[in-house]
**Student:** 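My questions all concern the structure below.
When reading the values below, keep in mind they use all heavy atoms of this one structure, side chains included, and skip hydrogens, waters and symmetry mates.
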Amino acid sequence: LWTNGFNYAMESKNVGFDVRYTTDGPLFANVGVSQKKEDGFKPTSTSLNQRTNFVEIPEPIDYKTTDLTAGVGLRGDHFMVTVDGTYSEFKNAIESVRFQNPFLATTQRLETFSLPPDNKYLKGQVKGRWSDLPFDSTLTGGVGYSKLTNTVKIPTTITNNFTSGGTGTQGGEIDLSNKIWKNGAVTDEFEGDVSYGDANIGLASHPLHDLDTKLYVKYLRKWNNSSEITFDDPADPTEEHPVTNHIFAYYKSNAGADASYKLPWQTKVGGGYEYHNVTRQRHDAEETKDNILRASVRNSFLDFLTATVKYEKVDRKSKRNEEWALAEGSGSGVGYLNRYWRNFDATDKKQQKVSLGVNVTPLEELDINVQVEHKQAKYREGELILGRTKDISSDLYGDIRYQFRDLFTVSVFGEYGNTRYYSSQWKNGSGSPGGNTERYNPSSAPDTAKYNWWSLTEDQRWGYGAGVEVPLLEKKLNVNLDWE
């Protein structure tokens, strides 16, 4: 029996105030201050040997978050401009937690698990709107900037959990002092500094009685001025392969145009085009360009029936650093696979999606909704690549809602989804003849030691539930009972 224990429970306390100033004139403003304190324990986990030996530990919580918000605005008959700012400070009274390593049978070692560090967050934005323009147009736009900073102490000793290779004896300490560098100098500190800047502008117009249009452009940039930390790999006794954290930053822009037109018989058609461009600090996908086409038809000619059909097509082109891919495979045999491996989240993609939604109200008290969606995506079509090659998903959702006079309302819903992921894999030829071009080339002739193989992963999901809503005081008090 356990002689002692703890509860996974958290207590949260919030205090604050918000003051708003409004007049009949054009000026308005607001200011607010709040503080949130959290105490208790929550479960967390960590790996003690690269990708294995996971252990669950209780993470102590002693957080305090202080927020300050302020804003001012100016409005008129056809315009409005607002300026808003936020400052947030997070403090954690506990920097780390120590626990005994349960996977070392002969040696007792205490591990150190770092907890969320103190940080500061600053955000400012300006937004505006101008209406009463030609073609019944409204112009909107905004710019914003945010910055998150923190400082973290880096442990200079770690436990040796390696059973072979590595340095020292398993269970002993590996001294990393004087082996961690920040921008070329020895350090025991990491400084985080991430900023975001964004801008957007949109024009919504009504040029004809039955025609609505929208044009928009958006831009987002992430700056990452965090410390670049380099340290010797403790699993490599030769210390010839230092490890450096990846400083990730990107530019993202997209522009698009949408239009909808009303036809006879309560029919409305719509269409649009959107262009995405992302340039990122990532060797396997330095730039991606997405061309997206959309179309829709909506009909409500029958008073009790509304049906909507939507279609979307995505064509993505990805550019990677080919010099990096070739250099990775010039020495290490496993690195040769980078010439053929593609990560599906940013590689070439052709995707089509179609959906159907139907709303039926045969009675005033009865409302029925049904939605069906099917999506198929293909990655790097026509080439022999390793990784995800295709996704196919189908989803079905329905709900029924019935109101029993003014007494209560009953609702039920159900949903089902199925997704299949297709992947291409390669069994490397560590025991086969030939160099890297043979052992790690999925286009080479297969044998008993090296060959292509494919996998299919299928996910099925379903859900259902019911609810009852009882109005006790009209427009003042409702009681809801839900189960799902």
**Student:** Determine whether Leu27 and Val72 satisfy the following criterion, side chain to side chain contact (heavy atoms under 4.5 Å, CB included), listing intermediate values before the conclusion.
**Tutor:** CA-CA 8 Å; Leu27 185 66; Val72 63; 3.8 Å; yes

**Student:** Any chance the side chains of Asp482 and Asn480 put a donor and an acceptor closer than 3.5 Å?
**Tutor:** no

**Student:** Around atom CG of Asp18, are there more than 12 heavy atoms from other residues, nucleotides or ligands closer than 6.0 Å?
**Tutor:** yes

**Student:** Run the numbers on Glu189 and Lys153 for salt bridge (Lys or Arg N to Asp or Glu O under 4.0 Å), then give the verdict.
**Tutor:** CA-CA 5 Å; Glu189 193 174 74; Lys153 287 290 184 181; 3.8 Å; yes

**Student:** For the residue pair Ser253 and Tyr219, what are the closest heavy atoms and their distance?
**Tutor:**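 Here Ser253 and Tyr219 meet closest at CB-CD1, 4.1 Å.
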
**Student:** What pair of heavy atoms forms the shortest contact from Tyr379 to Phe344, and how long is it?
**Tutor:** CE2-O, 3.5 Å

**Student:** Counting C-beta onward and ignoring hydrogens, is there a side-chain heavy-atom pair between Thr457 and Arg420 closer than 4.5 Å?
**Tutor:**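 Counting from C-beta outward, Thr457 and Arg420 never come under 4.5 Å.
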
**Student:** Is it the case that atom CZ in Phe301 sees more than 12 heavy atoms from other parts of the structure closer than 6.0 Å?
**Tutor:**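 No, because the 6.0 Å sphere around CZ of Phe301 holds 12 heavy atoms or fewer from other groups.
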
**Student:** Suppose we screen for side chain to side chain donor-acceptor pair (under 3.5 Å). Which residues come up paired with Ser318, at least two apart in sequence or across chains?
**Tutor:**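 For Ser318, no residue satisfies side chain to side chain donor-acceptor pair (under 3.5 Å) once neighbours in sequence are set aside.
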
**Student:** Restricting to side chain to side chain donor-acceptor pair (under 3.5 Å), what partner residues turn up for Asn291, sequence neighbours left out?
**Tutor:** Tyr273

**Student:** Of all heavy-atom pairs between Thr151 and Pro117, which one has the smallest distance, and what is that distance?
**Tutor:**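 Closest pair (atom of Thr151, atom of Pro117, distance): O-CB, 4.2 Å.
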
**Student:** Should the heavy atoms of other residues, nucleotides or ligands under 6.0 Å from CZ of Arg280 be counted, would the total exceed 12?
**Tutor:** yes

**Student:** If I take atom CG from residue Asn299 and atom CG from residue Leu263, how far apart are they, to the nearest 0.5 angstrom?
**Tutor:** 9.5 Å

**Student:** With sequence neighbours left out, which residue pairs that include part of residues 194-223 fulfil the salt bridge (charged side-chain N to carboxylate O under 4.0 Å, His left out) condition?
**Tutor:** none

**Student:** In terms of heavy-atom contacts, does CG of Asp303 have more than 12 from other residues, nucleotides or ligands at under 6.0 Å?
**Tutor:** no

**Student:** Kindly indicate, with the supporting measurements, whether the criterion side chain to side chain contact (heavy atoms under 4.5 Å, CB included) is fulfilled by Asp367 and Asn359.
**Tutor:** CA-CA 7 Å; Asp367 186 80; Asn359 175 257; 3.2 Å; yes

**Student:** Is there a donor in the side chain of Gln403 and an acceptor in the side chain of Thr409, or the other way round, less than 3.5 Å apart?
**Tutor:**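 No - no donor-acceptor pair under 3.5 Å links their side chains.
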
**Student:** Take atom OH in Tyr63; do more than 12 heavy atoms of anything else shown fall under 6.0 Å from it?
**Tutor:**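 Yes.
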
**Student:** For the residue pair Trp462 and Tyr416, does the interplanar ring angle fall in the parallel (under 30°), tilted (30 to 60°) or perpendicular (over 60°) class?
**Tutor:**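 The arrangement is parallel - the two ring planes meet at less than 30°.
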
**Student:** Going through the checks in order, is the ring pair (Phe, Tyr, Trp, His ring centres under 6.0 Å) test met by Tyr464 and Trp483?
**Tutor:** CA-CA 9 Å; Tyr464 48 87; Trp483 173 85; 5.8 Å; yes

**Student:** Working to the nearest 0.5 Å, report the span between NE2 of His276 and CG of Asp290.
**Tutor:** 6.5 Å

**Student:** Out of curiosity, Arg129 CZ to Lys127 NZ, how far, rounded to the nearest 0.5 Å?
**Tutor:**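 Output value for this atom pair is 11.5 Å.
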
**Student:** Between Asp345 and Arg316, what is the shortest heavy-atom contact and its length?
**Tutor:**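 Of all heavy-atom pairs spanning Asp345 and Arg316, the closest is O-NH1, 3.1 Å.
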
**Student:** Does CD belonging to Glu364 count more than 12 external heavy atoms closer than 6.0 Å?
**Tutor:** no

**Student:** Under a 4.0 Å threshold between the charged nitrogen and the carboxylate oxygen, would Asp39 count as salt-bridged to Lys37?
**Tutor:** no

**Student:** Would you confirm whether His206, through its side chain, and Leu211, through its main-chain N or O, come within 3.5 Å as a donor-acceptor pair?
**Tutor:** yes

**Student:** When you look at CD of Glu484, are more than 12 heavy atoms from neighbouring residues, nucleotides or ligands closer to it than 6.0 Å?
**Tutor:** no

**Student:** Please collect all salt bridge (charged side-chain N to carboxylate O under 4.0 Å, His left out) contacts where either partner lies in residues 134-148, sequence neighbours excluded, each pair once.
**Tutor:**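 Listed once each, the pairs are Lys147-Asp193.
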
**Student:** Could you give all pairs that pass the salt bridge (charged side-chain N to carboxylate O under 4.0 Å, His left out) test and reach residues 385-404, with sequence neighbours left out?
**Tutor:**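 Of all non-adjacent pairs touching residues 385-404, those that pass salt bridge (charged side-chain N to carboxylate O under 4.0 Å, His left out) are Arg388-Asp391, Asp395-Arg461, Arg401-Glu469.
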
**Student:** Taking atom CZ as the centre, does Phe135 end up with more than 12 heavy-atom neighbours from other residues, nucleotides or ligands that are less than 6.0 angstrom away?
**Tutor:** no

**Student:** Please step through ring pair (Phe, Tyr, Trp, His ring centres under 6.0 Å) for the pair Tyr87 and Tyr121, ending with a clear verdict.
**Tutor:** CA-CA 6 Å; Tyr87 175 78; Tyr121 176 74; 9.0 Å; no

**Student:** With sequence neighbours excluded, give me every salt bridge (charged side-chain N to carboxylate O under 4.0 Å, His left out) pair touching residues 253-279.
**Tutor:**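 Non-adjacent pairs meeting salt bridge (charged side-chain N to carboxylate O under 4.0 Å, His left out): Glu274-Arg294.
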
**Student:** Assign the ring pair Tyr402 / Phe404 to parallel, tilted or perpendicular, where the plane angle (0 to 90°) is split at 30° and 60°.
**Tutor:**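 Answer is perpendicular, since the angle exceeds 60°.
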
**Student:** If you take all heavy atoms of Arg320 and Ala285, which pair is closest and at what distance?
**Tutor:** CB-N, 4.1 Å

**Student:** Taking all non-hydrogen atoms of both residues, which atom of Ser226 and which atom of Val194 are closest, and how far apart?
**Tutor:** OG-CG2, 3.9 Å

**Student:** Would you say the side chains of Asp459 and Asn418 form a donor-acceptor pair under 3.5 Å?
**Tutor:** no

**Student:** Strictly distance-based, threshold 3.5 Å: is any side-chain N or O of His246 a donor or acceptor partner for the main-chain N or O of Gln281?
**Tutor:** yes

